Every structure is written in C-alpha cells, then in structure tokens.
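The structure under discussion appears below in the form of structure tokens.
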Amino acid sequence: MTPLELLAPDEMGRADRVAMAAGMAGPTLMQAAGAAVARAVRARFRPCRVLVLAGPGNNGGDGYVAARLLEQAGWPVAIAALAPPRPGSDAAGAATRWRGPMVPFAAEEVARAGLVIDALFGAGLARPLEASVVHVLQAARAPLVAVDVPSGLDGATGQPMGYAPQAALTVTFFRRKPGHLLLPGRSLCGRLELAQIGLPDSVLAEIAPSTFHNGPGLWRLPVRPPESHKFSLGHVTVPAGAALTGAARLAAGAARRAGAGLVSLAAPDRATAMLLRSGEPGLMVAEEAPAALLGDERRNVWVLGPGLPATPATRDLLRRVVDAGRQVVADGGALTAAAGKPEALHGVSVLTPHAGEFARVFGAPGEDRLAAVRAAAARLSAVAVLKGADTIIAAPDGRAAISDNAPPALATAGSGDVLAGMIAGLLAQGMAPFEAACAGVWLHGAAAERALGGRPAGAPLLPEDFMAEIGVSLASVLSSRP
Ligand SMILES: NC(=O)C1=CN([C@@H]2O[C@H](COP(=O)(O)OP(=O)(O)OC[C@H]3O[C@@H](n4cnc5c(N)ncnc54)[C@H](O)[C@@H]3O)[C@@H](O)[C@H]2O)[C@@H](O)CC1
Ligand SMILES: [K+]
C-alpha cells in the first residue's frame, strides 16, 4: 500500500540528511532516483528522442543518471543543462559520468524532442522560474516527465511559483509531497509514481510527519459491539431553519446513514415540523425550541448550519449548545454568522467551510492553504475542514490530511450538508473529531464514486443519490479490516 505520510520538501531534505548521517551515501540515493525515473519512462513510453533538462542541484543529478541509463538501454538521449552542477556535488559526480551529447538549453531543442525529462528543480526550488526558463519549457510539444515535481511547483503547497509545466508523468521518491495531492499540483503532475530509493522508513521517527494522505488507513470506523442499542450509538440533533429545510434533512439523513443511533430534526415552528415529518420515516422531528432540547445530554452531537440563517440567533444557539457541553459540527449558516469573528466558533468540534466560507470567517487562505487550515484549527482548537476537490482536514495538534477521492460530481448543492451530517454521525458514535472528519470526507467521496457507478467523474449527481451509498461505502471499509 502507498504510505500515507506526506513530506514537505524541507522534511524530505531532513529525511535525506538523517539517512546520510546514518551512513547512506548521497550518490547511492541519486543513482536509485535516476534509475526509478528511467524505469518509469521505459515502462510508459516507446523509445524516442529524449531531451533531459538538467538543473544545477540534485534534481539535475537525478536527470544525468536517468539519461545515462536510458542511453544504455539504447534510447537516443541528449542533455540540455541550465547551469553546471556545483563542483564536488553529487550532481557533479553524476554529470561527469555522462558521455552523451550536450545541447544548448534552448526552445528549439525542446521542440524537437520526442520526450522531455524535466530535471530542473525539485525540493530545492527557491524562487519562481526565470522567464527564459519558462519560455524553454513552454516550447515542449512532446510529453514531459517530471523528476520529483514539475519544476516551479512548490511541493509544500501544490501552487506553482509563477509557472510550472504540465507533466504527463511525475516520479517522486520515498514519500509523496503535499503538493502532489493539492490542486493545481495534483493536475500538473499528471500520473504520479512513487519510487523507493533505499531510504529506510526509520528516518521518519526523527521527522515525525504530521501531514497525511486521507484514506481508511488513517482512521478506524466505530465497530458496533453486540450489546449496542440506539442510545449507545449517539443522538445527532439538526436544528432546521424555516427556509431551506432540505439542507437540514440531507444532514440528518446522512448522520443516520453514517450510523448514529438516533437522529432528530428540530423544527422552528409547527408548519416546518409538518414539512419535515413528510421526509424519512426514521427521522424524528422535535417541535421544542432547540435550546429546550439541550437538557437531554444523550443528544451528544449537534449539526449547526445546514439551512440555518446566518443571523445572531444562529450564533447564540451555537454558543448555548457549546456551553451545554455538546459537540458541534458547524457548517453553512453557522459559519457565515461568524464572518470576521472566528472566536464566535470557539468550542465547536469540527467546522466544515468551503473556500468562500473559510475566507469569510478567517480571511483568504492565500497560496498555502494547508498552512491556513492548520492555523484555523489551532486558533479555534477545533478540527477545520476546508472543502473542495482537494479537501484539507486539520487538527489543533498540527496533524493534517489531504483528500483526493472526491469526484467533481460532488460539486453540487447539498453535498456539503451531507458531509456535515456524516461527520456528526461518526462523532456521535464516539470517533475523535479529526478521525471522524477524515473518515467523513473520505466516505463522502467514496459514496459519490459508487453512485457514479462507472459514469464519468464529472457526471451530475444528486446528494440523495450518493447518500444512498454511504452505508455500502462504510460497510466496505469495515469489511476490509481484520
Ligand atoms: N532523499 C532525497 O531528498 C533525495 C533527493 N533527490 C533529488 O534532489 C532534489 C533536491 O535537490 P536540491 O536540494 O539540490 O535542490 P534542486 O535540485 O531542486 O535545486 C537546487 C538548486 O537550484 C537553484 N535554484 C532554486 N530555484 C531556482 C530558480 N527558480 N532558478 C534558478 N535556480 C534555482 C538553487 O540555488 C540550487 O542550486 C529532489 O527534488 C530530488 O530530485 C534525489 O537525488 C535522491 C534523494
Ligand atoms: K523537476
């Protein structure tokens, strides 16, 4: 299985140094990295005229090794060096073993190639590419294979520093980097291959990675003991607004399917209660004012926001629920009601903003969304989930996870309400907030994937449709576990 830890470029550099201090030789790692690139190229492409663009650092060094091995395999290869490696460096060692043709670092050379290997910059990227380098990269007509990352892509954030080329294939080493999963990095990498180059996993003990690829290996779903009864599996309460009752119903339906023992909607008035009762038969509808339900401590988790208005009343309700010691998943109206006032959300367990809501509450996240979500989680001592095609989940203790299994079909109204309900349903059964949020996000994507059933990932999908697949997705994770 692909390891779940993700290493930012500086952590990767530390891993490298730890291994070297333990006696691992730099040239050995470089040889293994270059060999992995050559192997991936040979597996995916037919022999053709290869041009390796080599930078001055170790990324370039990997390129020299790959060039040599491809040439030995009979491929026509040339190298265009942007700058020579620093004398005495591992890359300089790799360069001296290259006996094949060197060509100018020029657009015409790139345009003539049948395959371009981009070994300009990897983890050592320090500033945006110069315009002349961008010009050369943009001349490529052929597929581009990136060594470690497409040059210009910040491996920590997934954002190009200005420009990064579109790769058909990216070969990275030891562990994936956050930028391989975060957008637009994930798209720019094309197909991603992870190669092991001899670095032992034990170096991770010193790095203590805190960023992970979200997947079932990262959390454990609650398993119902035989003596379970509905009251032992939590009670999720979802206050509904008078308008947008559908949002609350979706959240409540999702909480049930995620396994909460009891789920009830709280109606703001009699007419809304009637409307809500016409929904699923298993959903309970309370007609008391939400605050009157707070005395019942078995109502352990509240979903606040789907379909609630962004008003001071919503903010007050959130405060009362938190002060009563209940867990809260804050979404929609509850988030917008905290626009510019993040402290209004203090005490919630999980908040699930989309990009717009995140910006309203905390300000625009900027280039480094991973850092911004971590900062939001730390600031509120809550789990923060920034929803999107590359949902980021961060815990106040510094852990973060990146999800990449959401099909674009999930970009539809109601999808977020379902997610908030799923997370609440998992929390209600006793999962810890970070694990519940990660599991909810992943199962949400998995349910959508199932609902698509082989249709294109961007095909339209109704929340009702993928909600029906939550139970199966959950069951398949449970049954794949010993
Ligand atoms: N475990 C590891 O960390 C391993 C790393 N390897 C390779 O080493 C790479 C990292 O090597 P380095 O740390 O030498 O870094 P890079 O090779 O990514 O680049 C560093 C060099 O590029 C220059 N530079 C940075 N940005 C520039 C820009 N925009 N324009 C012009 N010059 C710029 C720097 O001044 C420095 O000379 C990885 O990406 C990977 O490909 C492999 O060799 C094997 C093992
Ligand atoms: K590169």
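As a basis for the values below, the full set of heavy atoms in this structure was taken, side chains included, without hydrogen atoms, waters or symmetry mates. Remember, it's 1-based here, ligands and their atoms both numbered in the order they're listed. Here the structure is a predicted model, which is why all the values come from computation and not from measurement.
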Answer yes when Glu11 and Lys177 have at least one side-chain N-carboxylate O distance shorter than 4.0 Å, and no when they do not. no
Strictly under 3.4 Å, is any N, O or S atom of Val149 next to the K ion (ligand 2)? yes
Cationic N near anionic O, under 4.0 Å, Asp397 to Arg374: no
Check whether any N or O atom of Phe173, backbone or side chain, sits under 3.5 Å from an N or O atom of ligand 1, and answer yes or no. no
Which residues satisfy the side-chain hydrogen bond (donor to acceptor under 3.5 Å, both in side chains) test with Asp154, sequence neighbours excluded? none
What are the two closest heavy atoms between Gly63 and Ala119, and how far apart are they? CA-CB, 3.6 Å
With heavy atoms and a 4.0 Å threshold, my read on which part of Asn58 contacts ligand 1 is both
Are any of the N or O atoms of Leu82 closer than 3.5 Å to those of ligand 1? no
Which of these, Pro27, Ala123, Gly198, Gly124, has its nearest heavy atom closest to atom 19 (O) of ligand 1? Gly124
Under 4.0 Å and counting heavy atoms only, is there anything from the protein next to atom 36 (C) of ligand 1? no
Can you tell me the protein heavy atom closest to atom 18 (O) of ligand 1 and the distance? Gly122 N, 2.6 Å
Out of Val18, Asp16, Leu129, whose heavy atom sits nearest atom 5 (C) of ligand 1? Asp16
Do Arg191 and Thr170 get their side chains close enough for a donor-acceptor pair, meaning under 3.5 Å? no
Selected option - heavy-atom contact closest to atom 38 (C) of ligand 1, from Asp148, Val171, Leu199: Asp148
To 10°, measure the O(Phe121)-the K ion (ligand 2)-O(Val147) angle for me. 110°
Note the single closest protein heavy atom to atom 43 (O) of ligand 1, along with its residue, its atom name and the distance in Å. Asp62 OD1, 2.5 Å
With a sphere of 6.0 Å drawn around CD of Gln72, does it hold more than 12 non-hydrogen atoms of other residues, nucleotides or ligands? yes
Donor-acceptor contact present, side-chain His444 to main-chain Ile470, <3.5 Å: no
Determine yes or no for a side-chain-to-main-chain donor-acceptor pair under 3.5 angstrom, with Gln429 supplying the side chain and Gly425 the backbone. yes
Which atom of Asp118 is nearest the K ion (ligand 2), counting N, O or S only? It is O
Determine whether the side chain, the backbone, both or neither of Asp90 has a heavy atom under 4.0 Å from any heavy atom of ligand 1. neither
Counting only heavy atoms closer than 4.0 Å, does ligand 1 sit against the backbone of Phe174, its side chain, both, or neither? neither
Rounded to 10°, how big is the angle at the K ion (ligand 2) from Ser151 OG to Asn59 OD1? 100°
Considering heavy atoms of the protein only, find what lies nearest to atom 30 (N) of ligand 1 and give residue, atom and distance to 0.1 Å. Phe121 CZ, 3.5 Å
Output yes when a side-chain donor or acceptor of Ser89 lies under 3.5 Å from a complementary backbone atom of Pro85, and no otherwise. no
Do Leu461 and Leu452 have side-chain heavy atoms sitting under 4.5 Å apart? yes
